[in-house]
2 protein chains.
Amino acid sequence: MNAITLRKRPSQQRSAATMAAVLEAAAQVLEAGGLSAFNTNAVAARAGVSIGSLYQYFPGKDAVMAALIRLEAARFEAELATALEATASLPLPQAVERLVALAVASQTARPNLARILDLEERRLGLEIEVTQRSQTTVGQLTQFLAGRGVRDPQIAAGDLQNLVRGMIDGALHAEPNDLTRRIVRAAMGYLRG
Amino acid sequence: MNAITLRKRPSQQRSAATMAAVLEAAAQVLEAGGLSAFNTNAVAARAGVSIGSLYQYFPGKDAVMAALIRLEAARFEAELATALEATASLPLPQAVERLVALAVASQTARPNLARILDLEERRLGLEIEVTQRSQTTVGQLTQFLAGRGVRDPQIAAGDLQNLVRGMIDGALHAEPNDLTRRIVRAAMGYLRG
DNA sequence: CCATTATGTGAGCAATTACTCTCGTTGGAT
DNA sequence: ATCCAACGAGAGTAATTGCTCACATAATGG
């Protein structure tokens with residue numbers, strides 16, 4: 001019997017290293033060549049594994065994208081969580097400045113990557129996923145704003161995220177000087193109403 | 001003689017209609033299926049012309065994209081120009097509200113298109129093109145802001161454009177209610193410093 | 001040692017794509 | 001009527017891509 005021998009399933013330790021290598025390679029390919037350069041052969045080659053191996057760990061191309069999106073989101077959310085702790089006792093303007101500086105630093109590291117991941121996230125429709133509200137970026141921000149007495153904190157959190165993202169995306173290629181200050185001005189203006 | 005018979009060159013009247021059909025088809029394909037659905041066969045089919053014809057009017061796929069980007073940019077810049085005239089005598093907050101409302105309306109019509117065109121514009125690197133400063137979106141905005149006594153009007157124009165674009169992009173899929181009001185709040189906050 | 005399983009490999013296939021080239025059609029001038 | 005240049009059509013081609021599969025190698029257990 002055992003007609004169907006329960007395919008796939010590498011699991012465990014080795015897989016973690018290979019998967020990480022693949023995801024890092026995917027990030028590099030996207031950053032260097034954009035969406036059009038993102039193909040499984042290129043990713044596998046840059047990761048130093050064969051395409052066969054890549055397909056042992058990921059069911060398909062989109063799964064690699066999705067995993068990368070989740071990884072980057074988790075990274076940023078972890079940074080955000082510690083930053084929020086550190087600013088818990090600061091007055092609002094200083095707290096906002098710290099958070100904005102964090103976002104700027106995060107986007108500056110790989111200017112093109114975040115933009116592409118954002119587009120792809122929409123295409124794949126995996127917006128709500130890890131979404132324990134407390135772990136999402138907007139979720140954390142919502143709680144922060146609510147704690148500061150901001151009205152409609154959920155909407156405000158979304159708006160601020162979009163505002164910051166938009167200003168960073170655009171300005172990185174044009175006028176990065178003093179960017180944090182400029183963003184803080186807009187964000188505080190929004191919050192003061 | 002005339003060994004090479006001076007290839008291509010359809011020009012004149014008919015071309016305008018065909019080119020317009022191709023560009024409108026390209027916009028529809030992008031809006032409906034995203035970047036991955038954007039291929040020359042699909043565009044030609046939707047436009048109701050053969051691929052042969054498409055390639056008579058456009059030297060390649062990217063040229064179609066570029067033409068579409070320029071067309072949409074020109075459309076928006078024309079709308080912006082008339083809106084700026086109409087708001088010339090209004091106080092700043094009302095003027096800003098009108099302009100923001102225009103941007104919101106423009107993006108709402110085809111929510112996905114602008115985002116994609118923006119990404120592609122960067123990939124093709126055709127930022128400065130039509131760029132008679134007075135015809136660009138930022139150029140027009142810069143003059144407007146300068147006339148209102150805003151400091152660093154060029155930087156402010158860029159920032160505002162990015163801020164508005166970011167907030168619209170993000171909010172269209174989440175909380176479109178009262179969007180204009182919220183954006184105006186951020187924009188005016190930025191301008192008041 | 002061998003047998004059995006887990007893991008990795010990469011040539012190759014099927015599908016898709018951008019683009020070309022040959023040929024048919026049209027419409028106006030002679 | 002005949003010709004000719006402009007225009008359109010769409011089958012075909014070469015290249016690329018996502019992905020499979022038959023096989024090599026490494027780990028594990030007896």
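Residue numbers begin at 1 in each chain, while the letters A, B, ... track the order of the sequences.
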Note: B:Arg122-B:Asp118 ion pair, threshold 4.0 Å (strictly below):
yes
Could you check A:Ala37 against A:Gly52 and say which one's nearest nucleotide on DNA chain D is further toward the 5' end?
A:Ala37
Determine yes or no for a side-chain-to-main-chain donor-acceptor pair under 3.5 angstrom, with A:Ser53 supplying the side chain and A:Val49 the backbone.
no
B:Leu54 has an atom CG; how far is it from atom P of C:dC19, in whole Å?
10 Å
Euclidean distance, atom CG of residue B:Asp62 to atom P of C:dT17 [Å, nearest integer]:
15 Å
Looking at D:dG10, I'd like to know if its phosphate oxygens (OP1 or OP2) sit under 4.0 Å from a side-chain N or O belonging to B:Ser50.
no
Any side-chain N or O of B:Thr40 less than 4.0 Å from the OP1 or OP2 oxygen of C:dA18?
yes
Do you reckon B:Leu102 sits in the same ILVMFWY cluster as B:Leu84, going by side-chain contacts under 4.5 Å, direct or chained?
yes
Can you measure B:Met19 atom CE to D:dG8 atom C1' for me and round it to whole angstrom units?
16 Å
Give the nucleotide from the list C:dA18, D:dT20, D:dG8 with an atom nearest to the side chain of A:Ile51.
D:dT20
Under 4.0 Å between a side-chain N/O of A:Tyr57 and OP1 or OP2 of C:dT7, yes or no?
no
Residues B:Arg110 and B:Glu24 bridged, charged N to O under 4.0 Å
yes
Which of the following nucleotides, C:dC19, D:dA9, C:dG8, is nearest to the side chain of A:Ser53?
C:dG8
Residue-phosphate contact under 4.0 Å: A:Tyr55 side-chain N/O, D:dC21 OP1/OP2
no
For B:Phe58 and C:dA18, what is the distance between atoms CZ and C1' respectively, to the nearest whole Å?
15 Å
Among the nucleotides D:dG18, C:dA18, C:dG8, which one has an atom lying closest to any side-chain atom of A:Thr18?
C:dG8
Keeping the roles fixed (side chain from A:Arg185, backbone from B:Gly193), state whether a donor-acceptor pair exists under 3.5 Å.
no
N or O in side chain of B:Asn39 less than 4.0 angstrom from C:dT17 OP1/OP2:
yes
Starting at atom CD of B:Gln56, determine the distance to atom P of D:dC7, rounded to an integer number of angstrom.
7 Å
